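A quick write-up on the structure given underneath.
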Amino acid sequence: MSAFRFEPCVIPDHYTPLRAEVRAFLAEAGRAWTPERRALTWTAFDRDFSRELGRRGWVGMCFPKAYGGHERSALERYIVMEECLAAGAPVGAHWFADRQSGPLLLKVGTEAQRQRFLPAIARGELAFCIGLSEPGAGSDLAAVRSRATRVDGGWRVEGRKLWTTNAQHCDWMIALLRTGGPAETERQRGLTQFLIDMRAPGVSVRPIRDMSLGEHFNEILFDNVLVADDLRLGPEGEGWAQVNAELAFERSGPDRILSSFLLLPALIDAIGSAGGADRLAARRVGEALAELIVLREMSLSVQGLLERGESPLQEAAVTKILGVGFEQRLPALVREVLDCAPSHPSDDALGAMLAQLTLTVPSFSLRGGTTEIMRGIVARGMGLR
Amino acid sequence: MTIEQEIGSELAEQLDRLYARKAGRALLETVEGGSWPGALWAEIEALGLPLSTVGEARGGAGLGWRAIEPLLRASGRHASPLPLAECVLANALIDEAGGSIADAATGILLGDFELDAHDRVHGHGEPLSALPGLARVVLSARRGHQTLLCVLDTATLASTPLHSLSRVPTGAVRLDRATPLAVLGAMDVESLRVKLALARALEMAGALEQVLALCVEHAGTRQQFGKPLARQQAVQHHLSELGMQTAATLVAVQFGCRSADAGQLLRGAAVAKARAGMAAGICVAAAHQVFGAVGFTDEHALHFFTRRLLQWRGEAGSELYWSERLGEQACRAGGAALWPAITG
């Protein structure tokens with residue numbers, strides 16, 4: 001008996017040349033990346049790198065050719081994503097658009113919206129951020145208050161978004177806004193998604209420095225922002241359903257299992273330099289390896305379900321809880337095996353990444369939905385709620 | 001689903017039906033009390049289950065790991081006290097080595113054995129489960145640089161009874177100039193342990209499924225504070241952990257079986273047994289917490305499943321042993337080899 005469907009999804013051998021090509025490119029490009037930068041991987045924002053990936057056809061891979069895409073399979077895209085993460089590539093400038101904004105536009109966008117946005121996304125030129133949380137709506141997303149009101153020729157947007165990753169660098173936001181009655185009574189009803197130009201008059205962005213001194217989170221103020229009606233994404237009132245479908249993409253990918261991966265090869269090399277693995281070191285590395293192999297199988301399995309057009313919210317939540325838990329334990333694992341002081345910056349790659357990740361892993365079980373919210377979704381899937 | 005997998009699923013359903021009719025607490029108590037349920041085993045043989053991996057020419061179904069996965073998982077789901085998994089593996093090994101297959105309960109004796117020049121076996125075995133019911137065992141014995149598969153009649157084994165967590169009658173076996181029924185071809189020195197490890201992981205996955213089902217059922221019916229336990233968020237936390245760990249174990253054993261069928265038995269078994277063992281520790285604790293004092297009693301059925309899990313996780317190499325093996329290999333290969341090894 002299992003409440004969850006995790007059927008095997010195996011990457012076929014004929015994709016091996018693609019993996020080799022991506023790996024060789026990243027090995028060359030990666031010479032310039034510092035360990036601290038690598039440790040950030042999918043939150044590190046580098047437009048030139050994203051454009052280079054776009055030139056190589058590795059962004060928007062699954063989009064139809066009519067929209068500048070390459071009509072590759074979801075598994076080919078998965079290969080590119082996981083190779084980028086395992087190499088610590090700075091993929092933040094296209095990651096969010098490639099992962100969820102693009103697929104969402106394909107699914108619910110108008111023909112004009114697709115024509116306008118998808119080709120630029122696939123070129124790696126257009127960066128999107130995800131406008132969900134607000135000051136009064138964190139885990140309780142249905143408490144969203146930012147509002148779009150109908151005016152002549154479109155909508156007037158007022159309110160603020162919070163914790164939006166990389167908003168200060170992005171071109172567009174897909175924002176969840178209230179178009180119906182008040183949050184207190186309407187909750188999940190009366191929400192609509194909009195495409196918002198981050199350079200439009202009335203949009204101001206304030207980066208929020210985090211405890212690692214990074215500035216990934218942002219607060220965005222909408223002060224009398226005018227949005228044309230052709231930038232409404234999907235039907236009025238369908239925002240909640242659209243967001244939930246989009247989140248399955250956000251919660252099950254390789255970015256939920258590999259965010260601290262680079263510690264492992266660095267740890268193995270450090271163990272080697274220190275004279276080889278004792279039993280504790282071998283055991284801890286092996287445990288991590290067994291967990292990671294299984295997590296990758298689960299993540300791939302969810303990809304298989306998404307590819308078949310299903311919306312595996314529960315399976316994505318399971319993968320995210322277990323995956324971020326694994327990512328968060330890796331710094332502790334390094335400490336258990338090696339007496340390695342975090343130092344920052346450092347000539348020592350392991351120490352530098354350890355310093356960076358020790359201070360960033362607390363966010364892993366917060367971003368994309370907290371582990372507590374994920375547990376609620378899992379409990380619902382098991383029929384407990 | 002392949003034809004093989006369909007046959008495997010049918011065999012699992014047959015075992016489910018048989019256990020539904022014949023098994024239950026009485027059977028588990030009988031076997032744990034030291035008696036061998038000969039009639040039930042005869043029915044299992046009549047269904048052909050122990051021959052499921054044997055070639056079709058010898059009357060079997062010729063199934064691979066992926067195909068027998070549901071059968072061994074079903075066995076675990078019933079807290080099977082019978083050596084079905086061992087027998088399935090032993091028969092496959094004998095068959096592959098060209099030996100003769102018999103309708104006889106056959107076990108797997110792990111241990112350190114030598115075969116002398118007169119084809120006699122010496123050495124110490126690891127605890128052997130279900131010993132009173134076994135007619136034969138297979139073991140691997142060294143002779144010079146070779147490792148050979150030997151089949152022995154259990155009547156020739158000297159053993160002393162041991163207590164195990166599963167309470168299935170178990171013996172410590174010592175062999176001193178024992179004469180095998182057959183000495184078969186050379187084999188990999190580790191293959192018995194590796195195969196048994198994967199089989200135990202499959203049984204553990206089944207036992208975890210049953211523990212999860214019992215917990216969800218209990219938490220949905222037992223009322224406290226005027227509502228079912230399952231409505232308490234703290235209890236939901238335990239139940240979701242049980243659900244997730246069970247799901248991860250199912251994925252791990254599927255990976256194990258797929259790897260084994262693709263010629264990567266060692267890696268598949270190591271990952272499956274390591275992950276199943278991690279899950280067993282977490283789930284046994286969570287399940288007993290969900291059930292409270294009632295689940296700690298002898299009267300309640302929960303312990304049959306949790307004791308099996310605690311026993312099986314320690315057999316054929318614990319999760320700690322297999323993690324160590326995986327880690328040793330990864331550390332020897334170096335950091336740059338890690339990611340290519342994961343992506344295969």
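Hydrogens, waters and symmetry mates play no part in the numbers below; they use all other heavy atoms, side chains included. What you see is a predicted model; the values in this text were computed from it and never measured.
- When each of A:Gly272, A:Ala277, A:Ala86 is scored by its heavy-atom pairs under 4.5 Å with chain B, the top score falls to A:Ala86.
- When the candidates B:Arg325, B:His237, B:Arg231 are compared by the number of heavy-atom contacts under 4.5 Å with chain A, B:His237 comes out ahead.
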Under the criterion side-chain hydrogen bond (donor to acceptor under 3.5 Å, both in side chains), I'd like the reasoning laid out for A:Glu82 against B:Trp339: C-alpha separation, chi angles, the key distance, then a yes or no. CA-CA 10 Å; A:Glu82 68 172 358; B:Trp339 179 246; 5.7 Å; no
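- In the displayed structure, A:Arg335 atom CZ is contacted under 6.0 Å by at most 12 heavy atoms of other residues, nucleotides or ligands.
- A donor-acceptor contact closer than 3.5 angstrom is absent between the side chains of A:Arg380 and B:Ser240.
- The environment of CD in B:Gln289 is sparse: at most 12 heavy-atom neighbours from other residues, nucleotides or ligands sit within 6.0 Å.
- Scanning all heavy atoms of the two residues, the minimum distance from B:Ala252 to A:Val294 falls at CB-CG2, 3.6 Å.
- Interatomic distance, CE of A:Met374 versus CE of B:Met244, reported as 11.5 Å (0.5 Å rounding).
- Using a 4.5 Å heavy-atom threshold, the side chains of B:Arg267 and A:Ile293 count as touching.
- Ranked by heavy-atom pairs under 4.5 Å with chain B, the list A:Arg279, A:Met298, A:Glu7 is led by A:Arg279.
- When the shell of 6.0 Å around CZ of B:Arg25 is examined, it contains more than 12 heavy atoms from other residues, nucleotides or ligands.
- Atoms SG and CD1, on B:Cys331 and A:Ile271 in that order, are 4.0 Å from each other to the nearest 0.5 Å.
- In this structure, chain B has no heavy atom under 4.5 Å from any part of A:Leu267.
- At a threshold of 4.5 Å between non-hydrogen side-chain atoms, the residues A:Glu83 and B:Thr343 count as touching.
- Proximity to chain A (any heavy atom under 4.5 Å) is shown, for B:Pro340, by both the backbone and the side chain.
- Contacts of A:Ile377 with chain B are absent, with no heavy-atom separation under 4.5 Å from either backbone or side chain.
- Taking chain B as the reference chain and counting heavy-atom pairs below 4.5 Å, the highest number among A:Gly286, A:Gly383, A:Ala270 is found for A:Gly286.
- Rounding to the nearest 0.5 Å places CG of A:Leu295 at 10.5 Å from CD1 of B:Ile342.
- In this structure, CG in A:Asp278 is found 10.5 Å from CD in B:Glu328, a value given to the nearest 0.5 Å.
- Within the 4.5 Å cutoff, side-chain heavy atoms of B:Gln245 are placed close to those of A:Leu322.
- B:Leu338 has its side chain within reach of A:Phe261: a pair of non-hydrogen atoms, C-beta onward, lies under 4.5 Å apart.
- Across B:Arg258, B:Gln329, B:Gln233, B:Gln254, the residue that shares the most heavy-atom pairs under 4.5 angstrom with chain A is B:Arg258.
- No part of A:Arg284 comes within reach of chain B, as not one of its non-hydrogen atoms sits under 4.5 angstrom from that chain.
- Taking 4.5 Å as the limit, some side-chain heavy atom of A:Met382 sits within range of a side-chain heavy atom of B:Leu212.
- Interface remark: of the candidates B:Ala330, B:Ala336, B:Ala274, B:Ala330 forms the most heavy-atom pairs closer than 4.5 Å to chain A.
- When side chains are defined from C-beta on, B:Leu326 does not count as touching A:Glu287, because their heavy atoms never get closer than 4.5 Å.
- To the nearest 0.5 Å, the span separating CG on A:Leu300 from CZ on B:Phe255 amounts to 11.0 Å.
- The residue among A:Asp269, A:Leu384, A:Val378, A:Ile79 with the most heavy atom pairs within less than 4.5 Å of chain B is A:Leu384.
- Each of B:Ala219, B:Ala248, B:Gly344 has some count of heavy-atom pairs under 4.5 Å with chain A, and the biggest count is that of B:Ala248.
- To the nearest 0.5 Å, atom CZ of residue B:Arg275 and atom CD of residue A:Glu297 are 12.5 Å apart.
- Residue B:Thr249: no heavy atom, backbone or side chain, is found under 4.5 Å from chain A.
- Ion pairing between B:Glu241 and A:Arg375 holds under the 4.0 Å rule for side-chain N and carboxylate O.
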